Peer 1: 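After the structure tokens below, expect a handful of questions from me.
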2 protein chains.
Amino acid sequence: MAEELVDAVDHSILRLLREDGRRTFSEMAAEVGLSVAAVKRRVDRLRDVGVITGFTVQIDHSKLGWAVEAFTELRYLGTTGAGEIVQTASALPEVQAVFTIAGDPDALIWLRVRDVNHLQQAIERLRRSGKVTGTKTLMVLGTWMRS
Amino acid sequence: MAEELVDAVDHSILRLLREDGRRTFSEMAAEVGLSVAAVKRRVDRLRDVGVITGFTVQIDHSKLGWAVEAFTELRYLGTTGAGEIVQTASALPEVQAVFTIAGDPDALIWLRVRDVNHLQQAIERLRRSGKVTGTKTLMVLGTWMRS
DNA sequence: AGTGAAAAGTAATGCCA
DNA sequence: TGGCATTACTTTTCACT
């Protein structure tokens, strides 16, 4: 058995950074009971090994006028590869995420749009952008996300 | 027409923070051509008006041993309210997000689990946790997320 | 709204246990 | 790996435009 990649202190640091990605090293150091330098070294290491892939801001998109969310299940021609699905779908600015799926459907697309009219346009562009054979769209009424 | 909540400079700042949520004010100030104090004031304001809801770290969960993702579509008894759906589903630690849906299904649950065995356990707990009448699970093979 | 400068706090680095 | 001390930056605040 190899040494574990992430110990309990690392998990505490990750939890603190999930709650507030701009927490200072000194604040985290006080919480986990290490020095500032030790915490920085752990965070640097977590980035190096790829556990931490980045930091980002959380945005309320409805306040920016993109109030409607939906998921679209896509079915593709049997010859279509996962890479091709991601490439064509992610080209649309309305596409927030692309999940390729085992079985039926072939992909699940997370869309964020201004309104229902905009949703229709986005779905139509999705349909035309690849070898899409069918779609089913789920309109999101409410969202809860962890953290 | 009211004054716009977010102008072009704010959008630039948001883009910079989406790319790296720990960017310094001085770095952003240089990018957008304002003083450090002006950028800080805008970020503070974006938080105050609720456009920015927080900052967080992006994590590669597969490196932490949670390698499997899935979406489960849930159908509930007709009497079940959206609040109840979110409350019961979000109680499971495997649940990453809950989307309540217009029509059929009633909810879409984003799950993150260690392995397929763990997925089965999570789905069984979901089924028993509320007035669930049916489920359909989509296994995620690959994920692409914007930014 | 924005600027510039001072004060306080934080990050980054090197050296030693 | 972690602690400590030093230096360089960054954040924060405030008076002024």
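Side-chain atoms are counted along with the backbone in the values below, which use heavy atoms only and exclude waters and symmetry mates. Treat the numbers as computed from the prediction; the structure is a model and nothing was measured.
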Peer 1: Do A:Ile13 and B:Val57 sit in one hydrophobic cluster, given that two such residues count as connected whenever their side-chain heavy atoms are within less than 4.5 Å of each other, even indirectly?
Peer 2: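 Linked within one cluster.
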Peer 1: Take atom CG of A:Asp10 and atom C1' of D:dG2, then tell me their distance rounded to the nearest Å.
Peer 2: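 Between C1' of D:dG2 and CG of A:Asp10: 13 Å.
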Peer 1: Determine to 10° how strongly the helix from C:dA1-D:dT17 to C:dA17-D:dT1 is bent, judged from the axes of its five-pair ends.
Peer 2: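 Comparing the axis at each end, I get an angle of 30°.
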Peer 1: Check DNA chain C against residues 30-55 of chain A and give the residues with a non-hydrogen atom under 4.0 Å, in numerical order.
Peer 2: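 Going residue by residue through residues 30-55 of chain A, the ones with a heavy atom under 4.0 Å of DNA chain C turn out to be A:Ala37, A:Lys40.
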Peer 1: Between atom CZ in B:Phe25 and atom C1' in C:dG9, what is the gap in whole Å?
Peer 2: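 Roughly 14 Å, once rounded to whole Å.
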Peer 1: If each of B:Glu27 and A:Val9 is mapped to the nucleotide of DNA chain D with the nearest heavy atom, which maps nearer the 5' terminus, i.e. the 5' end?
Peer 2: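 The residue whose closest nucleotide sits nearer the 5' end is A:Val9.
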Peer 1: In plain terms, say whether A:Asp106 and A:Arg75 are close enough for a salt bridge, that is, a side-chain N and a carboxylate O under 4.0 Å apart.
Peer 2: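 No, this pair does not count.
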Peer 1: State whether the side chain of B:Thr80 and the backbone N or O of B:Tyr76 hold a donor-acceptor pair below 3.5 Å, judged by distance alone.
Peer 2: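 Looks like no, no N/O pair under 3.5 Å.
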Peer 1: Check A:Glu69, A:Gln96, A:Glu94 against A:Trp110 for a side chain to side chain donor-acceptor pair (under 3.5 Å) and give me the one that passes.
Peer 2: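 For A:Trp110, the side chain to side chain donor-acceptor pair (under 3.5 Å) test succeeds with only one of A:Glu69, A:Gln96, A:Glu94, which is A:Glu69.
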Peer 1: Rounded off to whole Å, could you give me the CZ-to-P distance for the A:Arg22 and C:dT10 pair?
Peer 2: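 Going from A:Arg22 (CZ) to C:dT10 (P), I get 13 Å.
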Peer 1: Working to the nearest 0.5 angstrom, can you tell me the gap between B:Leu108 CG and B:Thr100 OG1?
Peer 2: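 These two atoms lie 10.5 Å from each other.
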Peer 1: Would A:Thr72 and A:Thr135 satisfy side-chain hydrogen bond (donor to acceptor under 3.5 Å, both in side chains), going step by step from the backbone distance to the final call?
Peer 2: CA-CA 6 Å; A:Thr72 297; A:Thr135 72; over 6 Å; no
Peer 1: Following the transitive rule for hydrophobic clusters with a side-chain heavy-atom cut-off under 4.5 Å over Ile, Leu, Val, Met, Phe, Trp and Tyr, establish whether A:Leu34 and A:Leu46 coincide in one cluster.
Peer 2: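 Same cluster.
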Peer 1: Without swapping roles, check the side chain of A:Arg42 against the backbone of A:Val9 for a donor-acceptor pair under 3.5 Å.
Peer 2: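 Here the side-chain-to-backbone pair does not exist.
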